Amino acid sequence: MNVRRAAQEGARDVGDVHAAPFILECKDVRNPAVPSWLRQARVEARHAGFPFGVAVHKRRGMSVAVGRVHFDVRTWTRVRLLLGLPSRVMARRYGFTATVRGLDTGRWYLTTTVAEFARLLADVRGVGLRAVR
């Protein structure tokens, strides 16, 4: 799948894992803090020069196979547009569910499984990055 673990760079951190064109901010914790992880993923993607940052949550003591991949609304929409998919098709094809907390859209996010993310990653790589900004 061509994924690599990035070297940690302190204040200019570039994410935990690079799966071009995504930066994966990986967490192994019992209590999730998804909105703050997504903010961190966006910053680290920018530092690394990648267009997309997502958060991967593996619960402590559980297999990575049951982990979840979280997208903020903006990243999900940009990926959806790159793939040329309507919202419902994107959600259904890759098994996304939405979490909406209050009126602050910065706290909203969409979640899929690690396996579905791998399929999405292959599809994004198949399209290429010519349309990503």
Side-chain angles (χ1 to χ4, degrees):
M1 184 190 292
N2 194 15
V3 174
R4 72 177 185 85
R5 177 127 171 96
Q8 300 304 304
E9 299 187 20
R12 299 271 314 158
D13 195 359
V14 294
D16 296 323
V17 176
H18 292 183
F22 291 90
I23 289 298
L24 311 179
E25 181 59 33
C26 301
K27 302 295 183 180
D28 178 9
V29 297
R30 185 173 313 278
N31 298 316
V34 177
S36 63
W37 297 344
L38 289 170
R39 284 190 297 278
Q40 183 180 0
R42 276 193 308 273
V43 168
E44 292 175 2
R46 209 170 27 252
H47 289 171
F50 281 52
F52 307 119
V54 298
V56 180
H57 177 215
K58 175 198 161 300
R59 256 187 90 173
R60 193 156 291 188
M62 304 289 284
S63 166
V64 173
V66 296
R68 297 288 182 256
V69 181
H70 307 287
F71 286 62
D72 64 20
V73 174
R74 182 169 189 248
T75 300
W76 187 85
T77 301
R78 289 176 59 224
V79 171
R80 179 183 67 78
L81 293 173
L82 176 68
L83 293 172
L85 298 174
S87 296
R88 289 180 195 242
V89 173
M90 172 86 163
R92 195 173 23 227
R93 181 173 295 172
Y94 301 107
F96 279 99
T97 58
T99 301
V100 177
R101 301 211 168 141
L103 299 176
D104 177 6
T105 58
R107 296 182 52 80
W108 298 1
Y109 56 91
L110 294 105
T111 303
T112 191
T113 65
V114 170
E116 292 295 340
F117 175 74
R119 285 186 341 105
L120 181 140
L121 176 60
D123 290 349
V124 167
R125 286 176 170 176
V127 168
L129 297 179
R130 63 190 172 279
V132 175
R133 290 173 215 194

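Computed from a predicted structure; not experimentally measured.
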Please say yes or no: joined through hydrophobic side-chain contacts below 4.5 Å, possibly via intermediate residues, are F117 and V64 part of one cluster? no

Can you name the nearest heavy-atom pair linking L38 to A55, along with the distance? CD2-N, 3.8 Å

Just verifying a value: how many Å separate R92 CZ and L85 CG, rounded to the nearest 0.5 Å? 10.5 Å

Sub-3.5 Å donor-acceptor pair from the side chain of R125 to the main-chain atoms of A20, do we have one? yes

Examine V34 and V73 and state if one hydrophobic cluster contains both, with Ile, Leu, Val, Met, Phe, Trp and Tyr joined whenever side-chain heavy atoms are less than 4.5 Å apart. no

Measure across P51 and P21 and return the closest heavy-atom pair with its distance rounded to 0.1 Å. CD-O, 3.3 Å

Close side-chain approach of P35 and R39, heavy atoms under 4.5 Å: yes

Which residue pairs pass the ring-ring contact (aromatic ring centres under 6.0 Å, His included) test when at least one of the two sits in residues 27-46, sequence neighbours left out? W37-H57

How many angstroms lie between atom CD of Q40 and atom NZ of K27, to the nearest 0.5 angstrom? 4.0 Å

Do F52 and Y94 share a hydrophobic cluster, counting only Ile, Leu, Val, Met, Phe, Trp and Tyr and linking them when any side-chain heavy atoms are less than 4.5 Å apart? yes

Measure the CD1-NE2 distance between I23 and H47 for me, rounded to the nearest 0.5 Å. 11.0 Å

Using 30° and 60° as the class boundaries, would you call the ring planes of H18 and F50 parallel, tilted or perpendicular? tilted

Shortest non-hydrogen contact from V56 to L24? CG2-CB, 4.0 Å

Separation of R80 CZ from R88 CZ (nearest 0.5 Å): 12.0 Å

So K58 and V114, do their side chains get closer than 4.5 Å, heavy atoms only? no

Is it the case that the side chain of R119 and the backbone of R93 share a donor-acceptor pair, with hydrogens and angles ignored and the cut-off at 3.5 Å? yes

Identify which one of R78, R42, R107 satisfies the salt bridge (charged side-chain N to carboxylate O under 4.0 Å, His left out) criterion when paired with D72. R42

Would you say that M90 contacts L120 through its side chain, given a criterion of any heavy-atom pair below 4.5 Å between the two side chains? yes

Gap separating the CZ atom of F22 from the OG1 atom of T75, nearest 0.5 angstrom: 8.5 Å

Are V89 and V124 in one and the same hydrophobic cluster, where Ile, Leu, Val, Met, Phe, Trp and Tyr link if side-chain heavy atoms are under 4.5 Å apart? yes

Taking V54 as the starting point, is it possible to reach W76 by hopping between hydrophobic residues whose side chains are less than 4.5 Å apart? yes

Output the distance between atom OG1 (T97) and atom NE2 (H70), rounded to the nearest 0.5 Å. 9.0 Å

Kindly give the heavy-atom pair with the smallest separation between A19 and L121, and that separation in Å. O-CD1, 3.6 Å

If you compare all heavy atoms of E116 against all heavy atoms of T112, which two are closest, and at what distance to 0.1 Å? CB-OG1, 3.1 Å

